[in-house]
Peer 1: 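Quick one: the structure is below, and I'll ask about it shortly.
Only this structure's heavy atoms are used, side chains among them; waters, hydrogens and symmetry mates stay out.
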Amino acid sequence: MPVATAAPGVRPFALVSLAYFAFAGLFGTYAPLWYQSLGYTTLAIGTLTSVQSATRIFAPYAWGWWADHTGRREALLRLAVGGSLAASLGFFAAASYAWVAVVCTVLFLCTAGVIPISEAALAHRVTVEGRVDIARYGRVRLWGSLGFIGAVAASGFVLQAAGVGHFPLLCTALLAMLLVAVFRLPAHREAGQANASAPGALAVLREPVVAWFFAGVFLTVLAHTALYAFYSLDLASLGYGKGAIGLLWAVGVLAEVGWFMFQGRWVHRLSMHTWLGVAALASAVRFALIAAFAGSGVLLVGAQLLHALSFAAQHSACIALIARYFPGRLRGRGQALYTVLGYGVSGVVGGVAGGALSEAFGFAAVFWAASLVSIAAALVCWRARGLERRAS
């Protein structure tokens, strides 16, 4: 298997990645449909979806700061995942919209720590001479994509047969699997990292090229909020079954797996900032196809194949640039800023605005807006590329 070529200290992270993204795939794809089964309006569903993004505004940075200052990343991962599992049990008592909102808030406060801590720990293990080995990183990260595919495809058929009311049970089962995975990580404690003369994470963030980099990340992920929050609802409104919806999601993630598996062969042909611009342009085309041709299964498959660029290439480039801009003691906070600025603020804006836009003009309007935002993201990424070249 691909992960076998990674160093022994990296292999357990493949299991964590598989379990976490299986949960993320399940929740991102089917939570809106479960909310809908509870009788919530589209605007209410968009607001609930934005709860996760709202917690990402501050929670990941808090987890990253804690991990950087204690060096006990694996122990904190166990705490975060254990809290997530406990919170998910609240879904079995879904008595009201307010209760579900509270459970989601607690759940996402805990899961907010998983990515910044695990990605920082993994980046540490695949960094060679100050640079992330993208090929080795991809061989681990692809297991997350496989987990996503398996959860989305299988859960679609399970929920179609057993009913979407079984969604909470699947959530709890996958979080339990994630807890087992994080307990398999080898114990490791990094040395204390307190160098007063080195710049802090926020000082690095104020550097022009870094600020423009994060602006591009914000806009690209803002556009993808249309996909995460409204794609399943759009397809369901057009008559697609849950199994078909799951398979379409799986097509996108298969393209993602292909990128992560083979990116070492071509990723260095362009600069990381150039890849970000390419990913933004691919996003613009992808969302325009969904907006205009959602009734065509063939064109939807084509749009999903663009996920290899719009997400996978974008994510790999981001990981490499964050490792470059936030080395050593700043690693956890750099990953946290990626989550906060990329997936936090943008998710809040996209979830609420997308819900209002779909209520007024339909789902196609949301994806046309996402395409326009992606074009703006490409321009911003090009600006960051220019600043990087001048600095070099």
Peer 1: List for me each residue that meets side chain to side chain donor-acceptor pair (under 3.5 Å) alongside Thr339, sequence neighbours excluded, and say none if there are none.
Peer 2: none
Peer 1: Would you say the side-chain atoms of Tyr137 and His315 include a donor-acceptor pair closer than 3.5 Å?
Peer 2: yes
Peer 1: Using side chain to side chain contact (heavy atoms under 4.5 Å, CB included) as the criterion, list what pairs up with Val340, not counting sequence neighbours.
Peer 2: Pro60, Tyr61
Peer 1: With sequence neighbours excluded, give me every ring-ring contact (aromatic ring centres under 6.0 Å, His included) pair touching residues 237-260.
Peer 2: Tyr231-Trp249, Trp259-Trp266, Trp259-Trp275
Peer 1: Can you list everything that forms a side chain to side chain contact (heavy atoms under 4.5 Å, CB included) with Val217? Sequence neighbours excluded, please.
Peer 2: Phe213, Val221, Gln314, Cys318, Tyr338
Peer 1: Could you work out the complete set of other residues in the hydrophobic cluster of Leu247, with links drawn between I, L, V, M, F, W and Y side chains under 4.5 Å apart?
Peer 2: Phe157
Peer 1: Could you tell me whether Glu388 and Arg324 make a salt bridge, using a distance below 4.0 angstrom between a side-chain N and a carboxylate O?
Peer 2: yes
Peer 1: Hey, what else clusters with Leu306 if you join Ile, Leu, Val, Met, Phe, Trp, Tyr whenever side-chain heavy atoms sit under 4.5 Å?
Peer 2: Val285, Leu289, Phe293, Leu299
Peer 1: Please list, chain by chain and in numerical order, all residues satisfying side chain to side chain donor-acceptor pair (under 3.5 Å) with Thr111, sequence neighbours excluded.
Peer 2: none
Peer 1: With hydrophobic residues grouped by side-chain heavy-atom distances under 4.5 Å, do Ile45 and Trp99 end up in a single group?
Peer 2: yes
Peer 1: For His307, what residues pass the side chain to side chain donor-acceptor pair (under 3.5 Å) criterion, not counting sequence neighbours?
Peer 2: Glu256, Arg286
Peer 1: Share the residues that join Leu281 in a hydrophobic cluster, the rule being Ile, Leu, Val, Met, Phe, Trp or Tyr side chains under 4.5 Å apart at the heavy-atom level.
Peer 2: none
Peer 1: With sequence neighbours excluded, give me every ring-ring contact (aromatic ring centres under 6.0 Å, His included) pair touching residues 360-392.
Peer 2: none
Peer 1: Looking at Glu74 and Arg125, is there a salt bridge between them, counting it only when a charged N and a carboxylate O are closer than 4.0 Å?
Peer 2: yes
Peer 1: Can you name the side chain to side chain donor-acceptor pair (under 3.5 Å) partners of Arg385, sequence neighbours left out?
Peer 2: Thr274
Peer 1: Can you confirm if the aromatic rings of Phe108 and Phe27 lie within a centre distance of less than 6.0 Å?
Peer 2: yes
Peer 1: Do Thr172 and Ser88 have side-chain N/O donor and acceptor atoms under 3.5 Å apart?
Peer 2: yes
Peer 1: Do Trp143 and Leu15 come close enough that some side-chain heavy atom pair is under 4.5 Å?
Peer 2: no
Peer 1: Mind checking what makes ring-ring contact (aromatic ring centres under 6.0 Å, His included) contact with Tyr97, not counting sequence neighbours?
Peer 2: Tyr40
Peer 1: Sub-3.5 Å donor-acceptor pair from the side chain of Ser371 to the main-chain atoms of Ala284, do we have one?
Peer 2: yes
